[in-house]
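First comes the structure, then the notes that go with it.
Here, residue 1 is the first one in the sequence, and each next residue gets the next number. This structure is a prediction, so every number in the text was calculated from the model and none was measured.
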Amino acid sequence: MFGKKSPKSPPTLDLTQVLPPTPLKTAAARRFMEFCQQDFPRHTHADGFDPHVYADAVALVISRLEATRHME
């Protein structure tokens, strides 16, 4: 009882809230977002996991994938 840490509650973060509300235009961005939404809960109890860093990385990759649409 004493001296034990309570288990960490999983961070609540919706990845769709991190990105702009516009729909994703490229298939690659949509697939990556689906992967991240499934992958995010797996890491919530890992040591040193920061959900905001994860969300920032997702936003960066999504923005790059969406930018490739304009390069064609």
### Summary
Heavy-atom closest pair (L24 atom, I62 atom, distance to 0.1 Å) is CD2-CG2, 3.6 Å

### Task
For Q37, enumerate each residue passing the side chain to side chain contact (heavy atoms under 4.5 Å, CB included) test, keeping only those at least two apart in sequence or located in another chain.
L15, T16, M33

### Residue pair K25 / E66: nearest heavy atoms and the distance that separates them
N-OE1, 2.9 Å

### Task
Name all residues meeting the side-chain hydrogen bond (donor to acceptor under 3.5 Å, both in side chains) criterion together with D39; count only those two or more places apart in sequence or in a different chain, and write none if there are none.
H43, Y54

### Query
What are the two closest heavy atoms between V58 and C36, and how far apart are they?
CG2-SG, 3.6 Å

### Task
Could you pull out the closest heavy-atom pair between Q38 and R42, with the gap in Å?
O-NE, 3.9 Å

